[in-house]
Amino acid sequence: MFKLPPDDNSKELEVGELYSVLKRRGYFWPSFEIYGGVAGFVDLGPLGSLIRENIEGIWKDKFLLEEGFHLVDCPSINPEVVFAASGHLEKFSDLLVRCSSCLLPFRADHLLEDLIENPDALGKDELAAALKENDIRCPECSSELGGPEEFNLMFSTFIGPGKEKLAYLRPETAQSIFMDFNSLYRYNRDRMPFGVAQIGKGFRNEISPRQGMLRLREFHMAEGEFFFDPDDPSFKGAGRYLDLEVGLLASSDPGSTIHTTLGKATDEGIIGSRLLAHFLGVTHSFATSIGIPAGGMRFRQHLPSEMAHYARDCWDLEVITSNGWVEMVGVADRSAYDLNQHAKASGVDLRARRKFDEPIVREISRLQPKMKEMGPIFRGDAKALGEALESLDPKNLKDHISSREPITVTLRGKEVEIPSNCYELVEGQERIHVEPFTPNVIEPSFGIDRLMVSVLEHAYRESDTSPKGGESEDGTYRVLRLDPRVAPVKAGVFPLLNKDDLPELASPLNDRLRRRGLNTYYDVSGSIGRRYARMDEIGTPFCITIDHQSVEDGSATVRERDSGEQVRVPIEGMVDLIEDLCRGRVSFENL
RNA sequence: GCGGGCGUGGUGUAGCCUGGUAUCACUUUAGCUUGCCAAGCUAAAAACUCGGGUUCAAAUCCCGGCGCCCGCACCA
């Protein structure tokens with residue numbers, strides 16, 4: 001259990017209470033509930049869908065508008081080759097062995113860890129043999145173990161009729177961006193560096209998902225892939241976050257949180273690069289703007305043992321929740337791993353070109369085979385012999401060349417003499433303008449559902465009374481202090497009484513607000529206090545009340561959620577005012 | 001997947017041992033009322049996790065499935 005912020009009069013959080021409110025008020029609930037439900041799946045209700053869109057909108061503002069990333073949208077179903085190349089087929093799947101008597105499952109490679117080197121790399125049959133050789137038995141009851149069975153965390157399916165074309169639901173959205181690298185590089189007009197973003201769903205067939213929204217089998221993710229030249233890691237906006245103070249848990253000292261600025265942490269080598277630090281800054285800034293308090297988050301560096309197969313370095317943004325510190329975002333240094341893997345598997349060149357300001361002048365000296373002479377002599381071997389000749393270093397053969405002696409090369413274990421009329425020495429200068437290289441990648445990867453519940457948990461307050469001292473029925477007054485940009489409903493619109501021409505004034509105002517794109521909630525039922533309470537509970541930041549004075553002078557009151565304070569303003573400018581309040585252009589206190 | 005616990009209106013519950021179709025509160029809806037923070041009155045809607053067995057009769061007893069929670073294991 002946690003309590004944030006530590007100041008106000010809110011009670012210690014009853015998270016169970018919060019989740020029942022969220023379910024009741026339409027944020028989210030278990031999927032397939034009428035059939036008993038399936039763990040690891042949730043439905044976002046009307047309010048949950050809206051808050052998710054709002055959070056993703058703020059994410060887009062951050063990554064597309066501020067950081068200049070390009071947005072793409074790619075399929076969730078990918079053919080098998082994709083994950084064979086990415087390594088997910090092998091690394092994302094565990095070989096399990098099950099005890100024949102107590103039926104407990106174990107990771108086969110873990111059982112062999114101390115006995116043989118790198119058991120992780122063994123195939124299914126090799127593992128079975130190794131288990132037998134070392135006479136491994138069930139660690140629990142010492143009975144015999146069954147043969148290893150594969151368990152892959154990816155959902156599989158088939159493309160088209162028949163069962164030939166095996167496919168998987170993507171466990172991350174990143175792979176599409178790597179496969180599309182050439183098109184995206186061209187789109188960016190062959191310039192480096194650049195970032196690409198994607199928001200979509202990921203799927204992981206977790207063995208046993210628990211903890212509700214924190215480990216789902218189908219989840220929303222927002223990922224960015226920033227491609228850069230490892231020899232020139234400069235980028236726009238460097239320095240934007242150097243002075244940002246953050247909490248860091250470095251893998252060298254996982255026990256203690258360091259509080260320092262991103263700039264200092266980079267200078268001291270705690271964070272590996274400016275670029276990595278920059279994206280920690282972007283991540284931090286995003287999390288803050290959706291309502292996670294700075295005091296409730298920290299960055300934790302992965303230990304070498306927990307690193308994903310593709311990562312060279314990884315920092316997680318962790319947020320304190322009712323489940324303790326939970327990973328929300330992974331900022332990983334994927335090096336050139338993925339592009340190299342896809343290039344190798346597909347045979348397609350996935351490299352960028354580095355342009356030199358000044359062409360590089362290189363002294364060259366090599367043996368150039370004369371194929372015209374070699375062809376008639378060596379026939380079918382001519383090409384291979386020519387290549388062998390080219391690969392030789394002329395420096396070691398100076399004497400042969402100057403005395404025009406034959407040169408001996410080895411082909412398929414046989415020594416072959418190549419006469420001097422079949423080659424010539426090429427010497428001189430070569431001017432190089434571009435050089436191909438495989439870009440490196442920094443990947444910030446966001447778990448949207450987790451962030452959503454964290455935002456809700458951190459926004460939740462319970463107190464004994466409403467802001468103005470009104471008694472609630474069960475002694476607990478519940479408020480979601482959501483940022484107006486995140487809140488699914490921006491304003492409640494209430495006629496104080498359901499008569500005396502008040503609805504006739506309130507309803508058109510409600511229509512005008514909605515036409516401006518502001519999601520409102522029009523409510524005439526119950527006492528005014530009850531209606532405020534309903535809005536507070538779902539996090540609506542403002543309530544507009546039309547009363548008798550409104551009929552007389554065209555004014556209405558606007559109530560702010562957290563303070564309960566009201567101001568009276570002209571109905572005429574109400575739509576602009578609410579819009580400005582929700583976008584943070586004006587603050588309620590200054591009205 | 002294993003072990004343990006649990007499963008009653010939207011929510012929280014009573015009833016289960018000792019079989020006779022369900023308690024209470026909140027919520028919701030409609031009307032009245034109500035001149036700014038869950039007020040009141042009247043009415044209404046709404047549940048026994050599923051399947052099988054025992055029995056005249058099952059929320060209740062028995063068996064099984066499913067789901068949830070906790071622990072173990074798993075968690076790129």
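Chain A is the first sequence line, chain B the second, and so forth, proteins listed ahead of strands; every chain is numbered from 1. Every value quoted in this text rests on a predicted model; they were computed, and no experiment measured them. When reading the values below, keep in mind they use all heavy atoms of this one structure, side chains included, and skip hydrogens, waters and symmetry mates.
Checked by distance alone, Arg559(A) brings a side-chain donor or acceptor within 3.5 Å of a matching partner on the base of rC37(B).
For Glu572(A), the CD atom counts as loosely surrounded, since its 6.0 Å shell holds 12 or fewer non-hydrogen atoms of other residues, nucleotides or ligands.
Remark: aromatic rings of Phe286(A) and Phe446(A) are close, center separation under 6.0 Å.
Under the side-chain contact (heavy atoms from CB on, under 4.5 Å) criterion, Ser346(A) pairs with Val348(A), sequence neighbours left out. Partners of Ser49(A) by side-chain contact (heavy atoms from CB on, under 4.5 Å), not counting sequence neighbours, listed by chain and number: Leu44(A).
Relative ring orientation between Tyr19(A) and Phe28(A) is described as tilted, the plane-to-plane angle lying within the 30° to 60° band. Ring geometry, Phe227(A) versus Phe178(A): the interplanar angle exceeds 60°, so the pair is classed perpendicular (tilted spans 30 to 60°).
OP1 and OP2 of rU33(B) both lie 4.0 Å or more from every side-chain N or O belonging to Arg530(A). In this model, the phosphate group of rG10(B) is not approached by any side-chain N or O of Arg25(A) to a distance below 4.0 Å at OP1 or OP2. For Ser527(A) and rA39(B), the shortest distance from a side-chain N or O to OP1 or OP2 is below 4.0 Å. The shortest distance between the side-chain N/O atoms of Lys23(A) and the OP1/OP2 oxygens of rU11(B) is below 4.0 Å.
Contacts of residues 564-574 of chain A with RNA chain B (heavy atom under 4.0 Å): Gly564(A), Gln566(A). Proximity of residues 490-505 of chain A to RNA chain B (heavy atom under 4.0 angstrom from any strand atom) is restricted to Leu496(A), Leu497(A), Asn498(A), Lys499(A).
In this structure, Ala308(A) reaches the sugar-phosphate backbone alone: every heavy-atom distance under 4.0 Å involves primed, P, OP1 or OP2 atoms, never a base. His309(A) comes within 4.0 angstrom of the backbone, heavy atoms only, and of no base.
Looking at which nucleotide of RNA chain B each of Thr557(A) and Ala39(A) is closest to, the 5′-most match is held by Thr557(A). Nearest-nucleotide positions on RNA chain B for Val38(A) and Arg215(A) put Val38(A) closer to the 5' end.
Within the structure, every pair that satisfies the ring-ring contact (aromatic ring centres under 6.0 Å, His included) test and touches residues 316-345 of chain A, not counting sequence neighbours, is listed here: His309(A)-Tyr337(A). Under the ring-ring contact (aromatic ring centres under 6.0 Å, His included) criterion, the residue pairs touching residues 520-550 of chain A are Phe494(A)-Tyr532(A), with sequence neighbours excluded.
For Asp547(A), whose side chain is taken as the heavy atoms from C-beta onward, the closest listed nucleotide among rC37(B), rG35(B), rC36(B) is rC36(B).
A gap of 24 Å separates the C1' atoms of rC2(B) and rC62(B), to the nearest Å.
Regarding Arg478(A), its CZ atom lies at a distance of 14 Å from the P atom of rA38(B), rounded to whole Å.
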